[in-house]
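In what follows, a structure is listed as C-alpha cells, so that the remarks can point back to it.
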Amino acid sequence: MKEGYFPQEIEKRWQETWEREDTFNTPNESNKPKYFALSMFPYPSGKLHMGHVRNYTITDVIARFKKMQGYNVLHPMGWDSFGLPAENAAMKHGANPEVWTDENIAYMTKQLKMLGLSYDWKREVTTCKPDYYKWTQWLFLQLYKKGLAYKKEAAVNWCEKCGTVLANEQVIDGKCWRCDSVVEKKYLSQWFFKITDYAERLLEDLNKLDGWGDNVKTMQANWIGKSQGAIIRFKVKEIEGLEVPVYTTRPDTVHGITYLVVAPEYKDIEKLTTPENKQAVEEYRANARKMSEIERLSTERVKTGVPLGTHCINPYTGEEFPLWTADYALVEYGTGAVMAVPTHDTRDFDFAKKYNLPMKVVIQNPENPSDCKDSAYTEEGILINSGEFNGMKNTEAKKAITQKAVDKGFGEFKTQYRLRDWLVSRQRYWGAPIPIVYCDKCGIVPEKEENLPVLLPKDVDFSVVGKSPITTSPTFAETTCPICGGKARREMDTMDTFVCSSWYYMRYADPKNSEKCFDKNLVDKWLPVDQYVGGIEHAILHLLYSRFITKAMKDMGCLSFDEPFKNLLTQGMVLKDGSKMSKSKGNTVDPDEIFENYGADTARLFILSDSPPARDFDWSDAGVEGCYKFLNRVWKLVSENFENITKDYKIEFPLSRENDDLVRLVHIAIKGITNDIAQDFQFNTVISKYRELTNAIYNWVNKKTEFSQEDKNVFSFAVISLIKLMSPVTVHLSEEIWHELGNTTSIHDEKWCEFDENLAKASKITLVIQINGKVKDKIEADEGSDNESLKTLALNNNKIKELTANKEVVKVIVVPKKLVNIVIKG
RNA sequence: GCUCCAGUGGCGGAAUCGGUAGACGCGUUGGACUUAAAAUCCAAUCGGGGUUCACCCUCGGUGCCAGUUCAAGUCUGGCCUGGAGCACCA
C-alpha cells in the first residue's frame, strides 16, 4: 500500500471502475424493500455550485447508507432544462438554447461524476428533450379533459424584462423571482391550472406529512390561506334588484356595520355611483389603476376612499349605511366588497376615523369594556346592541347570525382560500409548447394525443425583441384542426417550467417508456419518494405544484398515492464569511478547485461535517484543510500498520483489557453512527464519531510496540469497521483501502456494520453523586449494580459523608446506572 | 400585524427520557521532532475567586424574567433578539 494519500488518482480510478461495472444500477425487480432517495434536480446553468454539492452529497450518503442496510435504492438524477436563462444566453451569443443547454448538461454531468455520486445514470431524465416533454404535453391534455386546464382573461403578473407572465408564486414582494424587476398587472388571456379545486385537499393532507418540517407545512398552509366565514347580500336602497354581496369572517359583528366598501375595480361600481359623485369616483379609480402593486398593497399607506352616493340596507337591522370605494378592498379576494365595522376591525377603524364615519360597539369584554374610541376591539367577547343576539358569545354568534342569513335567504356559510389558480402559459420559446390549436370553426381544440409531441420549431430568430422567438417561426403556427381538418393556428405559448418539474420524479420509475408517461405498476412500486432533499426556496413553488399534480394524476387513475414526497429534508444554504455565496459578492468557492486540490472525498466530508443538514453551513478554507488532514490520518493509520491488518480477522473472547476496550469503542461508534443517520441524518455528529473512533484506534496503536495475534484481529476489526462506517461519505478512500486489503468486490455492496448491544456496554460506569442537584463527586461502579447498592455506595463515599455530616438527608434519588442525588436540609 | 424556526465558549456546533453543559472540529497557546520551516505528533483551552499554585477547592454560567422539579440548555408562562414565510385576505 502506498504511503501517501493521493485522492485525485484514487478517485478517478474508482469512478471509472464503477461506471464500467455499473455498480449503481438499480433493478426494478428485487426481493429487497425499495427506497427512493431523491435530490431536487438542477437547472443546467453551467457549473455546479456548493449548494448543489451539499444537496447531492446529503442524498448520496442517505442512498448509500440505505443500500448497505439492505434496501433496493433508487437514486436518480436529471435536468430541469427548460427555462429562460438558456433563451437569454442564446439571444446573447446567437446560439440555439438547446446547444447551450446540452453543453451545460455535459459539463455538470462530468462534475457530478467527479463528486462520486451513486446515480443510476440510465434513468436520467431531461425535461427539454421531446421524449420527456411529449408527456408533459400529454399531462396538459389530460388536465384539459378534466377541466383542470382552462383559458381565461384575467389581470395577470407581467414581467417586462422577461417578456412573459408569471404565476402568483413567482412574484416575490412584487418582483419577478428570476430577474428581480418590478412586476406589472396586465389584462391578458392566459392558460391556468385549476389548483384551487384542490385547495382543501392540499391543506388537509399536510397533516399526513409527518416527515416534513413544520416550517414548510405552515408556509404552504399560509399560502393556501383558508378562512371560514359567510357571504351576506345587501340590497341597494337606490337601485331595485341590485345587491352587493360581501365575504366576512366576522358575521358576529353585522349589527355594527356603518358603511360598506367596494374595490375600485368592482364590477357594479358604475351602477352604484350617483351622478353627483361620478367625477370623484372616476378620478379615484384612475389613480388606483396607475399605482403599482407594491404601492397599493403597502400596509404603511394611509387609507383613502371616496363615497359612491348610494346606500345599502342592513338586513339584520333595517339600518341604511353609505357605500364607498377604497383601494384597501381587493377585487380578487372574496366578493371584492367589504362590510365595514370600525369598532371591531383595525382597518375599518382607521378609515372611519379619517372620514369621520359613525361607529357602533357590538362586542364587549364584560370584564374590561371598551368604547372603541381609540382603537378597534378585535378580541372575543359578548354581543351587545345586536337585538336577538345580545348576550351571546361572539364565537357562537358567528354561526347563529350566518344561520339566520341562510334561513332568510340573504346569505350563506362560505369557506374562502387565498390560493389562486396556477398561471402556466409563458410567452417564451424554451419550454414545452402548449398542445392546443385554434380553429376559426371549432374554437379552442386540444391537439390529438397521437400527434404529440408538438415539437419546438428550429427555424426561429432569437434576436427578436419584445416578443417570443417562437412567433418568428414561419412554419410553427400553421397547422390543421384536429376536429375538422381545416386550417388552424397553434398556441404560441409554452408551459411554465414548473409544469415540467412537477412530475419528473415519477418518470424516474420508468424513464424510457415511449408508450405512456410511465407504467402505473412501476410508479406505484417506487413512489412516493422516501426521502426528498432540496432547498427551502421551493417550499411553496415546486412542492405545492408537485402535490397538486400528484393528486390530479391520482384522480385520473395514473397512480395510486396522493402525496409524492413522504419525507422532506430542506437543507440550509452554503455561506461564506456569514453571507450567501454569490457571484456578485465574489465569495463563491468553485467545486472544481476543491476536487483538484483536495479531492471529492474531502469536499463530501467537509460539507457534511460542520452543521446539521437543515441549518446554514459556513464554508471555511480552514475547515476543508482540517478534513483533508483527517483523511490523511486515516490513510496513515492503515498504511503504517498495513502488515497487521487482515480481512479475515476473528475476535475470540475473552480479550485483554485494552483490546476489550477497543472492541467496545467500535461497537459504541457503530451504534451511535447508525442512530445518528437513521434518526435525523445528523451527519455532523456522524463525522465527529468517525474522528472519535480514529482517535481511539490511534491511542491504542500508540501503546503497542508489537502486535500479538489477538491484537491483529482486534485492530483489523476496528480499522475495517471504520472504513465501512465511512464508506457512504468518503466513497473513494474507503473503496481503495477495501481493495488494498485484498477484497475483490465493492465496499459499496457490503452490508452495514452491526453492533452488539452487550459489547457496547462497559463493565464499569461512572456514577455521578450530587447533593441537592449539584455534582459533588464521580466514582466508578460496576455496570450491573442495582439502585440500592449505588445508593449505599454514594452515601458511604468519604467526601459525601463529610458534606452530609450533621445534615438531615431528606431523600435520595437514584437514576439507574448514572447518578445519585442526595437531598439534604440544614 | 400573524405564523414558523433559532438563540449554548473566540468560532462551527455536541448533549435519547429533564440527570456530569461544552463531545468532535476550527482557532489560539505551549511542547516534541527539525540547522530552520512546512508537515506530523503530544498537551492545554467557559469565566470569576481561592489555594498548600503542574495538584486541588469553590462559586457562577446555555438570550432575559418568573415558575414546575430532588434535578432545567431541555418542561410551562411572559418577554428580548435574529432569520424565514405570509400580509389592507375583510
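For clarity, every value in this text was computed on a predicted model and none was experimentally measured. All values below were derived from every heavy atom in this structure, side-chain atoms included, with hydrogens, water molecules and symmetry-related copies excluded. Below, chains carry the letters A, B, ... as their sequence lines are ordered, and counting in each starts from 1.
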| Aromatic ring centroids of A:Phe617 and A:Phe606 under 6.0 Å? | yes

Can you see if the side chain of [X] gets near the phosphate of [N] - specifically, an N or O under 4.0 Å from OP1 or OP2?
{"X": "A:Lys818", "N": "B:G19", "result": "no"}
{"X": "A:Arg347", "N": "B:C89", "result": "yes"}
{"X": "A:Ser611", "N": "B:G13", "result": "yes"}

Selection from [options] that lies nearest to any side-chain heavy atom of [X]:
{"X": "A:Arg418", "options": "B:C41, B:C70, B:C86", "answer": "B:C86"}
{"X": "A:Lys799", "options": "B:A23, B:U20, B:U58", "answer": "B:U58"}
{"X": "A:Asn702", "options": "B:G85, B:A90, B:C42", "answer": "B:C42"}
{"X": "A:Ile540", "options": "B:U20, B:A14, B:G85", "answer": "B:G85"}

| field | Pairs touching residues 246-260 of chain A that satisfy side chain to side chain donor-acceptor pair (under 3.5 Å), sequence neighbours left out | value |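 Applying side chain to side chain donor-acceptor pair (under 3.5 Å) to every pair that reaches into residues 246-260 of chain A, excluding sequence neighbours, yields A:Ser227-A:Tyr247, A:Arg250-A:Asp252, A:Asp252-A:Asn394, A:Tyr259-A:Tyr328.
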
| said: Consider side-chain contact (heavy atoms from CB on, under 4.5 Å). Of A:Val812, A:Ile813, A:Ile822, which one does A:Lys791 pass it with? | reply: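 Passing option: A:Val812.
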
| request: Convert the base pairs of RNA chain B into dot-bracket notation, remembering that pairs crossing earlier ones are written with [ ] and that bases paired across to another strand are shown as |; include only Watson-Crick or G-U pairs under 3.5 Å. | output: (((((((..(((......[....)))((((((.......))))))(((((.....)))))..(((((..]....))))))))))))....

| request: Using a 4.0 Å heavy-atom cut-off across all strands, classify A:Glu625 as base, sugar-phosphate, or nothing. | output: nothing

| Taking only residues two or more places apart in sequence or in another chain, which ones pass side chain to side chain contact (heavy atoms under 4.5 Å, CB included) with A:Asp680? | A:Gln682

| Side chain of A:Asn222, base of B:C86: donor and acceptor closer than 3.5 Å? |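 Such a pair does not exist between side chain and base.
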
| message | If you assign A:Lys689 and A:Val216 each to the RNA chain B nucleotide with the nearest heavy atom, which residue ends up on the more 5' nucleotide? | response |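 This one resolves to A:Val216.
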
| Residues A:Lys175 and A:Asp173 bridged, charged N to O under 4.0 Å |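 Result for this pair is no, no salt bridge flagged.
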
| task | Between B:G60 and B:C24, how far apart are the P atoms? Round to whole Å, please. | result | 27 Å

| query | When you check the glycosidic angle of B:C41, does it come out syn, meaning within 90° of 0, or anti? | reply |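 Base orientation: anti.
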
